[in-house]
Each structure stands twice: as C-alpha cells, then as structure tokens.
Amino acid sequence: MGSSGAGAAARMDPEAATELARKGVTLLLLDVPQHTVLGLDTQVFSVGPRFRGIKMVPPGPHFLHYCSPSRHGNEFAPTVGFFLTTHPSQVVVRRWHAQEERLVALSEEEEIRYSEAVKRFEFDDQLGPYNLDSFGDWKQLSNYLSQSVIERLEPIGGEITIALETSWMDRAPQTEMERRLMEQLREDKFAKKAPTQPERRGCYYTTIPASVKHKNISADELTLLNLDRTSLLETVLAKNYQGQEDLLLGELQFSFIAFMMGQSLEAFMQWKALVSLLLSCSEAPLHTRTQMFVKFIRVIYYQFKHGFQRTHDSRSSDDKGNSLFLDEAWFSRDIFLYRLSKDFLTVIFEAQVVDGDLLSWARKLKTLLETTFGWDLENNAANLIDEDDEFAPVVVEMDG
C-alpha cells in the first residue's frame, strides 16, 4: 500500500487517530490480488501481500476503483469503479471473485461476522489508513454528491466500467478528440482483456438536448435561443431536477468522477453535455441563476485543477493504468472546452454589471485554464468550432 497514508497517520495525534479509527469507515477488501491498482477517491495504491483494505475513512460519499493485473503484472483489465455512501463506524466488506476478476458483496451473515472482527481490531495491522491530507481535494470534487444523487444515477449493480460500454460507444457522437480518447481508453493501458460479461444498462444519466427545438418561432429567434441556452437550462432543471440546481451540479460531479477515476466514456459524454449546456448560457449567469453559476464555476475549477494531467509514459512504474493522463489533443484549442470557455468568460468580463463572486471565480477559472492548458483566452480573433461537435452553436439559415 502507498506510504502517503501511513505518513498522515503518523503525524496525527494518537487520541485523534484512535477516535477516527473508531468512528471512521473501514473498507475490508478480501483476497485482492497482489499488484492490483486500487484507488479510493483521489488516492491510489498498489496492493501488497498483506493488504486487507483501508481504515479511518471519513464518512460520506466515496468512489472505489480498481484494475487487476495479469500474472506478470504488466497488463491490466479495464478499470471498475463504484460509488459508496458511508456512515460513521460502518464496515464495508467485499471479496475478490477470481473468475469474474471483481469485488463482490458477501452474504449478510458473513458481512456481520467480518464487521465484528474489524471492530475488534483483528485486521487492524493489515488495513492502510486513509490519507487525510488529500481529503480536502476529494471534498472539492464531491461536495454536491449526495446519497440521493448517487442512487438516482448509478447503474444496476453499481459497477461502472468501460468494458460494459461497447455497444454504447459505437453509437456515441465523436469529435476527433473523442475518437482519440476512446482509443486511449480501449487500448493504451488496458491490453488485458476484461472477462466477458453480458451487456448491461449504464448509468441513469439525464438526457441533455444538444439544441433548442421550437415550432412557430422565426429562424432568427431559434438561432438566439441556441446561442444563449438559458431557456434550455430552465427546461432541463424543471423537467429533470425538480428545479433543484444542486442535483444538476451533483450529476456534473458524478459524471466527472466516473470519467476521470472510473475511466468511463459514457460518463465523459455526460460531463461534456452538462458543461456545454452551462457554458452556453449568458442570461442565466448574469441575471437569473447567478448563484448557481458561482457554484458551477467553482465545481469545474476544481475538476480542472485536480483532474487534468498531461500524458506521460504509460509504461512507467508510477502509472499502473489507473490515472487517466490525457494526450495532447485535450490541450489544443480545437477541443470544445476552448471555444465554450472563451465565449462564456467574455460574456462575464464584458458585462456592465456583474456579481462580485461570479467575477472573482471567473477570473480564477481563466487563470487556471491559461496555466493548465496553455490557452490564450485574450485572443478574440480565434473562433474555432468543430463541425462534428453536436454541442456547437446552432445557426439557422433563412429560406430564400
């Protein structure tokens, strides 16, 4: 197991450590093969011979993700991940299923027996501590991720993996960047074939229309509605989220985590759809949904800050296949994010009256995008649109 968690525990006051061991959550993970790459939230470990799980986990939502190695440890199956909503002193027990190469739940009787053993500290020296130093990062990525959001979106059985998305991927609209991402997820680090499983339904994501469609209005009006998608946002919020902004932001965080840590292409497409919708609004951030957009910018700010890293050698010993390092296509100006971010930030910066918090977070986001992606967001001459992108602005031509 990684040493960073142990270091955090060593610096902790002994009484505080005992209290967290008592009230914290324990993940007891039995029979996990050695060298399996296993992650909890933003923390990643390579499983050693004595590993039996993770202790002192703060209660709340978490994402457990793992990929199993071949016998020689140089090839990995696709990542499998699932969300957990945990409570104080809870013990979550899973056992490795060798044939299916995944973690499975135990019978209720077995789970009770193992839970009692954990509470008697019988496994304590085989449990690695959760690294509290990185818990703040996870909270910034998951602060809208409630139990109701998870239960509403997670697939039947809870498991999220690209191995079950094959037929969906064939139907997915693809830009050049998405085609490269798909190939990276399919082939780059996952040469080991996943066990064959029947196609299952994926996550229960909200359907986000790519454009506004209205009868009985002029072409000019329809173009304006698609250039500023505030009305579409209001329709989506009312129809799918009962008007609750935080549910939409929770889905934005769920899909990002499932994409970035669970390496799900379906999750990426949902994240892209939500980000594209919100970045295409100009009336909502300035007038009708200002506080929602302060929260939205904060959400994507931390997603970019914690989630995006440039490609490095996937064969390096530090990268066993769990971190999604992005190739250079992500950092070019022809990605959908460049045009949308640039237009969105221009709307805010050029407004005559703007909320102070919104302006402050917009400036922080601009600086982060310029430093992380190397973009020049001042150059107003650039107007790059990928014609294959279904979320690009819709301009309606007048007949005749």
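These numbers were taken from a predicted model, which means no experiment stands behind them.
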Discussion item. ring-ring contact (aromatic ring centres under 6.0 Å, His included) for Y66 and W96? Distances and angles first, verdict last.
Written reply: CA-CA 11 Å; Y66 57 89; W96 188 261; 5.5 Å; yes

Worksheet item: Please walk me through it: do H87 and Q147 pass side-chain contact (heavy atoms from CB on, under 4.5 Å)?
Response: CA-CA 11 Å; H87 309 285; Q147 182 171 353; 4.0 Å; yes

Worksheet item: Between E110 and V93, is a side-chain contact (heavy atoms from CB on, under 4.5 Å) present by the stated rule, with each step listed?
Response: CA-CA 9 Å; E110 275 190 300; V93 187; over 6 Å; no

Discussion item. Show, in sequence, the C-alpha distance, side-chain angles and deciding distance for L248 and L278, and conclude whether the side-chain contact (heavy atoms from CB on, under 4.5 Å) test is met.
Written reply: CA-CA 10 Å; L248 185 151; L278 290 161; 3.7 Å; yes

Practice prompt. Report the C-alpha distance between L27 and L127 in whole Å, list the side-chain angles of each, state the deciding distance to 0.1 Å, and finish with yes or no for side-chain contact (heavy atoms from CB on, under 4.5 Å).
Written response: CA-CA 8 Å; L27 303 183; L127 300 172; over 6 Å; no

Practice prompt. With side-chain hydrogen bond (donor to acceptor under 3.5 Å, both in side chains) as the test, would you mind laying out the steps for E251 and N240 before giving the verdict?
Written response: CA-CA 11 Å; E251 183 162 347; N240 301 108; over 6 Å; no

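Paired with D125 under the rule salt bridge (charged side-chain N to carboxylate O under 4.0 Å, His left out), one option of R52, K55, R50 passes, and it is R50. Exactly one of L141, V299, L274 qualifies for a side-chain contact (heavy atoms from CB on, under 4.5 Å) with Q253. That residue is V299. The only option from I208, L277, D228 that meets the side-chain contact (heavy atoms from CB on, under 4.5 Å) definition with L233 turns out to be L277. Among the candidates K239, R152, Q270, the single residue satisfying the side chain to side chain donor-acceptor pair (under 3.5 Å) test with T206 is R152.
A distance of 5.5 Å separates OH of Y144 from CG of L249, quoted to the nearest 0.5 Å. Within the model, atoms CG of L358 and CD1 of I348 stand 4.0 Å from one another, a figure rounded to the nearest 0.5 Å. Within the model, atoms CD of E266 and OG1 of T161 stand 11.5 Å from one another, a figure rounded to the nearest 0.5 Å. Distance CG/L40 to CG/L64: 6.0 Å, rounded to 0.5 Å. The CG atom of L106 lies 6.5 Å from the CG atom of L30; values are rounded to the nearest 0.5 Å. If you take OG1 on T371 and NZ on K305, they are separated by 10.5 Å, rounding to the nearest 0.5 Å.
Between the side chain of Q90 and the main chain of T26, no donor-acceptor pair closer than 3.5 Å is present. Here the side chain of S360 pairs no donor or acceptor atom with the backbone of G356 at under 3.5 angstrom. In this structure a side-chain-to-backbone donor-acceptor pair under 3.5 Å is missing from S276 to A273.
In terms of heavy-atom proximity, F51 sits nearest to L29 at CZ-CD1, 4.0 Å. Scanning both residues, E100 and V104, for their nearest heavy atoms gives OE1-CG1, 4.5 Å. Residues A267 and Y205 approach most closely at CB-OH, 3.4 Å, considering heavy atoms. Residues D376 and Y338 come closest through the heavy atom pair O-OH, 3.1 Å. Contact record, I160 with S264: CG2-CB, 3.7 Å, taken as the closest heavy-atom pair. Heavy atoms only, all atoms of each residue included: A284 and T230 are closest at N-OG1, 3.0 Å.
Side chains of L337 and W375 form a contact here, defined as non-hydrogen atoms less than 4.5 Å apart. Looking at heavy atoms from C-beta onward, C67 lies out of side-chain contact with T36 at the 4.5 angstrom threshold. Residues T42 and N131 have side chains not in contact (no heavy-atom distance under 4.5 Å, counting atoms from C-beta outward). At a threshold of 4.5 Å between non-hydrogen side-chain atoms, the residues R298 and L365 do not count as touching. Using a 4.5 Å cut-off on side-chain heavy atoms (C-beta onward), E234 and V236 make no contact. Side-chain contact between P285 and R289 is absent, with no heavy atoms from C-beta onward closer than 4.5 Å. The side-chain heavy atoms of F256 and M261, taken from C-beta on, include no pair separated by under 4.5 Å. Contact of the F349 side chain with the V354 side chain is not registered, since no non-hydrogen atoms from C-beta on lie closer than 4.5 Å.
Judged purely by distance below 3.5 Å, without hydrogens or angles, the side chains of D137 and Y302 never pair a donor atom with an acceptor atom. No side-chain N or O of Q43 forms a donor-acceptor pair with one of W138 less than 3.5 Å apart.
Connection of I112 to F121 is not established within any shared hydrophobic cluster, with ILVMFWY side chains joined at heavy-atom distances below 4.5 Å, either directly or through further cluster members.
By the 30° and 60° cut-offs, the orientation of the rings of F259 relative to F268 is tilted. Aromatic ring pairs are classed by plane angle as parallel below 30°, tilted from 30° to 60° and perpendicular above 60°; the pair F373 and F304 is perpendicular.
Residues passing the ring pair (Phe, Tyr, Trp, His ring centres under 6.0 Å) test with F63 are H65, F83, sequence neighbours excluded.
A cation-pi contact links K364 to Y301, judged by a cut-off of 6.0 Å to the six-membered ring centre and 45° from its axis.
Under the 4.0 Å criterion applied to side-chain N and carboxylate O atoms, E109 and R113 are not assigned as salt-bridge partners.
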